[in-house]
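As structure tokens, the structure follows; a few thoughts come after it.
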Amino acid sequence: MPSRKFADGEVVRGRWPGSSLYYEVEILSHNGKSQLYTVKYKDGTELELKENDIKERFILSQEGSYMSTQYSLRPRREEIKLKEIDSKEEKLITKGPSSLRTFEMTTPQRKDLEFGGVPGVSLIMLGLPVFLFLLLLMCKQNDPSLLNFPPPVSALYDLWETRVCGVYLLWFFVQALFYLLPIGKVVEGTPLTDGRRLKYRLNGFYAFILTSIAIGMSLFWGVDLHYVYEHFLQFALAATVFSVVLSIYLYARSWKASRDELSPASSGNAVYDFFIGRELNPRIGTFDLKYFCELRPGLIGWVVINLVMLLAEMKVQKRAAPSLAMILVNSFQLLYVVDALWNEEALLTTMDIIHDGFGFMLAFGDLVWVPFVYSLQAFYLVSHPHDMSWPVASLIIALKLCGYVIFRCANSQKNAFRKNPTDPKLAHLKTIHTSTGKNLLVSGWWGFVRHPNYLGDLIMALAWSLPCGFNHILPYFYVIYFTVLLVHREARDEHHCRKKYGLAWERYCQRVPCRIFPYIY
């Protein structure tokens, strides 16, 4: 077998197909049979190249001469010739597509800003905390109808309590301690722009088990969890303040990060970058702040809050057992959280991890919005009981299971295909080949609609709300909000995929015309 010239991870120059231009690329892998190298360009494009389409990369030494990255010695005449060639290529490159300008990487590229740009993100950052407290205050009203909106707003000094802040910090740091435990397997994330793969320890499910044991022991020792219900607004404020402080820290530390460590979503605008996050993977040693916050304090906290609301319902309504509606809400959402923690590795390929930085958007979303808004149905049922029959409950359970099957099967099929596209179990699936070397699924769940996982998510969200009845629209806020969120996220996915896959994505859209809802959207 012929020996290979370039090693995996080596940064070289690769010819762009159909042109005479060479750009900086990273060697990802080498196929011994076809003798083709899989390389990755600066803009993220992955292609297969022949060895004679790859050149060594030459860098300018302190003496001003060009030196090979493999440190091979060349006559002075060759160095001068290579310098002239690279000078010509540099002029051509600056005239080429902006996505391939490797000589313009020292300054941020202009890009279209999402979420309505600076005005949009400013409104989101100011409006979401206010809207959160209005929702929670409405839940405490006897008649939380739209006619009684906005509810009476409590004074700010009534919402702040130092002891509550201390309890919240204790919760956060206990979860951080569980995250640092050396249990669970270690896996690698997707390749970064510099070719590195960060390592992640998958122990979220173990953290959930330890948390459950700790909560169970607290109940056994007589700890009054009703305190959380009585000070629910204060806990929400403490989490909000903490997320803002964390966002400020993340933005400040991002200025020490190298360019390769910045998020592809960052723009150079201070307000927008504070929201979207400048640094892609902020870490303190091996402690990954974004990855930790995505699944731990907020998601596990959501389950704990639901349990608190179940106990509060029994105490407030003087019940010997929780209502069937409360049991369904707790069970449905518990299954969702356990599923996310059990399939923790799937998080590493999501847009949150590979594209968005860690700023206010994810900090507030993970630490505040998820635990305090997603538990809205349970919080609502404490003060607004709803009795339901078993036949109705059975229909809601069937709807929940239907959504879960779609959600889990679609995600499992996608993750299996990403891990090993050549898996014999996936041989029956049809694909479309792209210029990046990757394939797009056009059959199975992903031939039904473009985002079957979103469809399953929305069906489950509806099932969470139905146990609350139809007296008020408030319990259905989550379904309405989640629909808007996923439609917007789908639009972001569409934009990125169209840019990345080009004509192949157009063909995929023709084969699978519906985005989320079959025959509707």
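What you are looking at is a predicted structure, and each value in this text was computed from that prediction instead of being measured.
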If you measure only the distance, is there a donor-acceptor pair under 3.5 Å linking the side chains of Y336 and D457?
-> yes
Should K400 and L328 count as side-chain neighbours, where that means a heavy-atom distance under 4.5 Å?
-> no
Atom pair CG/SG of L362 and C293 - distance to nearest 0.5 Å = 9.5 Å
Worked check of side-chain contact (heavy atoms from CB on, under 4.5 Å) between L192 and L280 = CA-CA 10 Å; L192 303 176; L280 183 62; 4.2 Å; yes
Please confirm whether K140 makes a cation-pi placement over Y229, using NZ or CZ under 6.0 Å from the six-membered ring centre and within 45° of the ring normal.
-> yes
Which is it for I300 and W171 under the side-chain contact (heavy atoms from CB on, under 4.5 Å) test, yes or no, and what are the steps along the way?
-> CA-CA 10 Å; I300 298 177; W171 164 260; 3.9 Å; yes
Please check if the side chain of R201 supplies one atom and the backbone of G184 the other of a donor-acceptor pair under 3.5 Å.
-> yes
Does the separation of the ring centres of F372 and F232 fall below 6.0 angstrom?
-> yes
Hey, is the main chain of L335 close enough, under 3.5 Å, to the side chain of D339 for a donor-acceptor pair?
-> no
Taking atom CZ of R507 as the centre, report whether more than 12 heavy atoms of other residues, nucleotides or ligands fall under 6.0 Å from it.
-> no
Atom OH of Y476 with >12 non-hydrogen neighbours under 6.0 angstrom | yes
Could you please spell out the steps behind the side-chain contact (heavy atoms from CB on, under 4.5 Å) verdict for R296 and N203?
-> CA-CA 10 Å; R296 311 307 177 92; N203 61 5; 2.7 Å; yes
Is the distance between the ring centroids of W505 and Y508 under 6.0 Å?
-> yes
Is there a side-chain contact between L47 and Y41, using heavy atoms and a 4.5 Å cut-off?
-> yes
Any idea which heavy atoms bring S243 and V368 closest together, and the distance?
-> OG-CG2, 3.8 Å
Do F274 and M125 come within less than 4.5 Å of each other through their side chains, counting heavy atoms only?
-> yes
Within the distance-only criterion (no hydrogens, no angle test), does the side chain of W446 pair as donor or acceptor with the backbone N or O of A410 below 3.5 angstrom?
-> yes
Say whether, by atom type as modelled, one donor and one acceptor occur between the side chain of E490 and the main chain of R515 under 3.5 angstrom.
-> no
Approximate separation, where rounding is to 0.5 Å, of F275 CZ and L113 CG = 11.5 Å
Heavy-atom side-chain proximity of E494 to C509 below 4.5 angstrom | yes
To the nearest 0.5 Å, tell me how far L458 CG sits from F517 CZ.
-> 4.5 Å
Does the separation of the ring centres of Y481 and F131 fall below 6.0 angstrom?
-> no
How long is the span from the CG atom in L132 to the CG atom in L233, to the nearest 0.5 Å?
-> 8.5 Å
If you count the non-hydrogen atoms of other residues, nucleotides and ligands that lie under 6.0 Å from CD1 in I480, is the total more than 12?
-> yes
With under 30° as parallel and over 60° as perpendicular, where do the rings of H384 and Y380 fit, or are they tilted in between?
-> parallel
Just by modelled atom types, is the F205 backbone N or O under 3.5 Å from a matching donor or acceptor in the W342 side chain?
-> no
Going through the distances and angles, do Q175 and T211 end up as a side chain to side chain donor-acceptor pair (under 3.5 Å)?
-> CA-CA 8 Å; Q175 291 302 317; T211 302; 3.0 Å; yes
What is the ring orientation for Y454 with H451, classed by angle as parallel under 30°, tilted 30 to 60°, or perpendicular over 60°?
-> parallel
From CA spacing to verdict: side-chain contact (heavy atoms from CB on, under 4.5 Å), Y272, E114 | CA-CA 9 Å; Y272 186 84; E114 299 176 300; 3.7 Å; yes
Parallel, tilted or perpendicular: ring planes of F292 versus F287, cut at 30 and 60 degrees | tilted
Side-chain donor-acceptor contact under 3.5 Å, S267 with D273 | yes
Can you tell if the side chain of L334 reaches within under 4.5 Å of the side chain of F208, non-hydrogen atoms only?
-> yes
Is a donor on one side and an acceptor on the other found under 3.5 Å between the side chain of R450 and the backbone of V512?
-> yes
Over all atoms of both residues, closest heavy-atom pair of L159 and Q234 = O-CG, 3.1 Å
Specify the closest pair of heavy atoms between L202 and V187, including all atoms of both residues, with the distance to one decimal.
-> CD1-CG1, 3.8 Å
T350 (side chain) donor-acceptor with A346 (main chain) under 3.5 angstrom = no
Any side-chain heavy atom of F235 within less than 4.5 Å of one from I305?
-> no
Out of curiosity, L486 CG to L455 CG, how far, rounded to the nearest 0.5 Å?
-> 10.0 Å
Least distance between heavy atoms, A378 atom then N306 atom | CB-OD1, 3.4 Å
Indicate yes or no for a side-chain donor-acceptor contact from Q317 to the backbone of V382 under 3.5 Å, with no hydrogens or angles considered.
-> yes
With the threshold set at 4.0 Å, does a side-chain nitrogen-carboxylate oxygen contact exist between E279 and K290?
-> no
Tell me, do L381 and P475 make a side-chain contact under 4.5 Å, heavy atoms counted?
-> no
Closest contact, heavy atoms only, V25 versus G14 | CG2-N, 3.6 Å
Indicate the atoms forming the closest heavy-atom contact of I276 with S266, along with that distance.
-> CG2-CA, 4.3 Å
Is there side-chain contact between L462 and L466, with at least one heavy-atom pair below 4.5 Å?
-> yes
Kindly confirm or rule out a cation-pi arrangement of R489 over F482, judged by NZ or CZ under 6.0 Å from the six-membered ring centre and within 45° of its axis?
-> no
Are any side-chain N or O atoms of R197 and backbone N or O atoms of T190, one a donor and one an acceptor, separated by less than 3.5 Å?
-> no
Got a second to check how far E48's CD is from S29's OG, nearest 0.5 Å?
-> 7.5 Å
Would you please indicate yes or no on a ring centroid separation below 6.0 angstrom for Y374 and Y478?
-> yes
Any donor-acceptor pair under 3.5 Å from Q377 side chain to W464 backbone = no
How are the rings of F115 and H488 set relative to one another: parallel (under 30°), tilted (30 to 60°) or perpendicular (over 60°)?
-> tilted
